[in-house]
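Reviewing the structure listed below.
Note on naming: letters A, B, ... go to the chains in the order of the sequence lines (proteins, then strands), and numbering restarts at 1 for each one.
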2 protein chains.
Amino acid sequence: MSKAATVYDVADRAGVSIATVSRVLRSPDAVRPVTRERVLDAVSALGYVPSGSARGLAERRTGVLGLYFPGFDAAEEAPALDVLANIAGATPPFTIVQDETDAEGEHPSMLFLDEVLRGAELEAWKQGFVLMVGVGRHDPDRSTVRDMAGRVDGLVVLARSVPDEVLARLALRIPVVVLSGPSRGDSYDHVTVSNAEAMAELTRRVLDQTGDTPPVFLAGPDDSPDGAERWEGFSHAISEAGIRIDEVVVLRGDFTRASGRRAAEQLISDGLPTALMAANDQMALGALDAFRSAGIAVPEDLIVTGFDGIEAAALSRPRLTTVRQPMIELGRAAVQVLARRLERPDADPVAVRLPLEIVVRESSLRPS
Amino acid sequence: MSKAATVYDVADRAGVSIATVSRVLRSPDAVRPVTRERVLDAVSALGYVPSGSARGLAERRTGVLGLYFPGFDAAEEAPALDVLANIAGATPPFTIVQDETDAEGEHPSMLFLDEVLRGAELEAWKQGFVLMVGVGRHDPDRSTVRDMAGRVDGLVVLARSVPDEVLARLALRIPVVVLSGPSRGDSYDHVTVSNAEAMAELTRRVLDQTGDTPPVFLAGPDDSPDGAERWEGFSHAISEAGIRIDEVVVLRGDFTRASGRRAAEQLISDGLPTALMAANDQMALGALDAFRSAGIAVPEDLIVTGFDGIEAAALSRPRLTTVRQPMIELGRAAVQVLARRLERPDADPVAVRLPLEIVVRESSLRPS
DNA sequence: CTGAAAGCGCTAACAA
DNA sequence: TTGTTAGCGCTTTCAG
């Protein structure tokens, strides 16, 4: 790690000019085989690795795509993990935990982002890009995202993770794709899902079973755009069925399992509805927990539905009816749109809307 | 997105030199407030975003850390997803799936990497770095990782994802941390877990219950270093108990749930052992599936254990006894070690070994 | 086929 | 406090 070799070092050693070194690396065929060999020898002898910065500067492109997520809110307080305490031998190689309690799986939205990231990764890989993942800090000026914008060829941004005016500025420099959230008539490319439509359909199906008694809606935090769209779909279907919206009981949670549990407990003491429709799976699962503890049978006593299609929803008892987000596809689509934009910089902005999948499972299937 | 503004543009517009522009951005206090304001105005007026490449070149550091993973083997054949087919309105907003069968959750090692990535992300965020995630292609020359190496300040590499000689060359240019896998006496920093010791302990505990009848071992693919270490721990405990290794039945799987199921089916027809110890959770869960179908009771009829501590292992019935990898901590530790190395480039290489957690659940608790 | 030289956009002495 | 200037390492005409 002394001092990294540069083109000059390689050129010297091979007895050629730096231009030739560059050629050998970029277009090998434009160089006579003997010369090429000499250069390649020098390259490996010196352990030459080209500087991405220099290359990026000269080429005016980096081959890197960026993915920007909002910050780790909860994780911020994660313990400070002191690695140095674990230098080999300093700690026992394992610990033992007896019979721990049922898994909670309380990573609210991170699970979602993990999968989106995986999809993005996959598609970036296919398209020959590397992905740079940035996580928002709570800087007033959003400098992280600006930093990223300076080092990538294009940026995928999670909706509402960046203030509009900052986004507008970034878009001046590189193509930006907005992921999820409402697709407004702006000039960015968008990749979204049809939250409202799917929730409306799910609601219709629940109403088919419950008749005219409206389900209770368990909403998310009121600053969540997804939550808002889901509510919109729900209320649309409700009105459509001729039920007055103000007859509907709406409980508010915060997308965590605990808040679902609390909501269910409240219902248990206030009197059970025919159905509970939650704005996400975590809350629905929490409710399932509470109902089980109280000896209330789902779906016999009431129907429960979720939204998102997280893995735990398929593993619960009863398994949870939900709407599956195409998380991997969202990531892939975003990168694909970005790559396309890079090729045709002035095509019209596109709004890609991926289909959701309504997954009907036992939690909503009332035995007749 | 016309032509991105540069320092020169900003300087012109603000009527100052480029040095002053740079100063305003790097050390604002070194500039008279009025001048600073003028520059900042020009910056926003022009939507100036500094070029990371130029900055990186001049500063000789990028503020980016790299994380390199081996390629998507299976995913390679992932469907080619044609986004353009989904331009808004072109497809139905949702589809409906009735009563799908039990979730498979067949992302072999990706789940592991997801979590490691999340940990790395978290720590990078804390330390003020951005993370660049690269996924290996099957290039003969490993150009992806070399490309990455050229654009980051330090690199975390998953063990065995990069040939030794390539790694050695990269390490000439930037610090490298090797994640997981055996920590040999090389000059890199290592972050690993104690696979063998934990597996040995788990085996002892199983033997406590089964007495001298040796468990069947369900191994992973033979090119997996983790798998090898686990086998090593298992066989160590076996010998220690005075059992001859060649008395042990070893089945080989490929870490997938399906292969676990097949192994279990074979046992069912060949005759049940007292215990089945799998080299990872996926296979153990597959075995659980097969036993359940066959009406065989776990742990009453035989004990089953896994390894890794994936979420599904906590949600199965019976819940699976396993050894939990500190995946998030692995990612965090790797980044932390890297950051530390960046500060003190010539400290001795460290080998961090994180403790595993043996999680005892019902699948291994024989009722007495 | 190869070399010379002009940038790419920014930082950091060094002067003023 | 501000400006001048010399790189940082690489790509890419343009000559030869």
Side-chain angles (χ1 to χ4, degrees), chain A residues 3-40 42-43 46-64 143 146-147 149-153 172-174, chain B residues 3-40 42-43 46-64 143 146-147 149-153 172-174:
Chain A
K3 61 217 75 202
T6 72
V7 255
Y8 295 97
D9 303 321
V10 177
D12 270 6
R13 177 154 185 147
V16 298
S17 74
I18 60 165
T20 300
V21 174
S22 179
R23 280 193 201 100
V24 168
L25 267 31
R26 306 245 65 65
S27 34
D29 306 313
V31 150
R32 192 159 38 118
V34 258
T35 325
R36 196 194 311 155
E37 283 315 314
R38 230 158 5 112
V39 171
L40 288 177
V43 164
L46 296 170
Y48 170 64
V49 176
S51 151
S53 295
R55 188 120 101 185
L57 184 54
E59 279 181 333
R60 254 82 76 59
R61 37 162 277 113
T62 63
V64 179
S143 59
R146 184 150 48 230
D147 267 23
R151 25 181 93 270
V152 299
D153 294 338
L172 242 41
R173 182 179 233 275
I174 51 169
Chain B
K3 58 218 73 200
T6 72
V7 255
Y8 295 97
D9 302 321
V10 177
D12 270 6
R13 175 152 187 150
V16 299
S17 76
I18 60 165
T20 299
V21 175
S22 180
R23 277 192 202 102
V24 169
L25 268 33
R26 306 245 65 64
S27 33
D29 307 312
V31 155
R32 193 159 37 121
V34 258
T35 325
R36 195 193 311 153
E37 283 315 315
R38 227 155 9 110
V39 171
L40 288 178
V43 163
L46 295 170
Y48 170 65
V49 176
S51 151
S53 295
R55 187 118 100 183
L57 184 53
E59 279 182 332
R60 254 81 74 64
R61 38 163 277 112
T62 63
V64 179
S143 58
R146 185 151 44 233
D147 266 23
R151 24 181 95 271
V152 299
D153 293 338
L172 241 42
R173 182 179 234 277
I174 50 169

How close or far is atom C1' of D:dG9 from atom CZ of B:R151, stated in whole angstroms?
13 Å
OP1 or OP2 of D:dC10 sitting under 4.0 Å from any side-chain N/O of A:S22?
no
Would B:V39 and B:V31 count as a side-chain contact (heavy atoms from CB on, under 4.5 Å) if you check the C-alpha gap in whole Å, the side-chain angles of each, and the deciding distance to 0.1 Å?
CA-CA 10 Å; B:V39 171; B:V31 155; over 6 Å; no
State which of C:dG9, D:dT2, D:dG9 makes the closest approach to the side chain of B:V31.
D:dT2
In whole angstroms, the gap separating P of D:dC10 from CG of A:L25 amounts to 9 Å
A:R146 and A:R173: side-chain contact (heavy atoms from CB on, under 4.5 Å), yes or no, with the steps?
CA-CA 10 Å; A:R146 184 150 48 230; A:R173 182 179 233 275; over 6 Å; no
Distance check: side-chain N/O of A:T20 vs OP1/OP2 of C:dC1, anything under 4.0 Å?
no
Tell me the closest heavy-atom pair linking A:V16 and A:V21, and the distance in Å.
CG2-CG2, 3.9 Å
Nucleotide nearest B:T35 when distance is taken to its side chain, options D:dG9, D:dT2, C:dG3:
D:dT2
Checking A:R36 side chain against A:P28 main chain: does a donor-acceptor pair fall under 3.5 Å?
yes
If you check every side-chain atom of A:R23, which of C:dA4, D:dC10, C:dA13 has the closest atom?
C:dA4
Quick one: is A:S17 getting a side-chain N or O under 4.0 Å of the C:dG3 phosphate, OP1 or OP2?
yes
Can you give me the closest heavy-atom contact between A:A14 and A:A42, atom names plus distance?
CB-CB, 4.0 Å
Between the two ends of the helix from C:dC1-D:dG16 to C:dA16-D:dT1, what is the bend in degrees, rounded to 10 degrees, where each end axis spans five pairs?
30°
Quick one: on DNA chain D, does B:G15 or A:V49 contact a more 5' nucleotide (nearest heavy atom)?
B:G15
Contact class for B:R26 (heavy atom, under 4.0 Å): base, sugar-phosphate, or nothing?
sugar-phosphate
Where the side chain of B:R151 meets the backbone of A:T62, is there a donor-acceptor pair that is under 3.5 Å apart?
yes
Could you identify which residues of residues 52-63 of chain A place a heavy atom less than 4.0 Å from some atom of DNA chain C, listed by residue number, or say none?
A:L57, A:A58, A:R60
Taking donor-acceptor contacts at under 3.5 Å, does the side chain of A:Y8 reach the base of D:dC10?
yes
Rounded to whole Å, how long is the line connecting atom CD1 of A:I18 with atom C1' of C:dC1?
17 Å
Does a side-chain heavy-atom distance below 4.5 Å link B:V7 with B:Y48?
yes
side-chain contact (heavy atoms from CB on, under 4.5 Å) between A:S22 and A:L25, intermediate numbers included
CA-CA 5 Å; A:S22 179; A:L25 267 31; 5.9 Å; no
Backbone N/O of A:A54 and side chain of A:S51: donor-acceptor pair under 3.5 Å
yes
Atom CG of A:D153 and atom P of C:dC8: how far apart are they, to the nearest Å?
18 Å
Heavy atoms under 4.0 Å, any strand shown: does B:V16 hit a base, just sugar-phosphate, or nothing?
sugar-phosphate
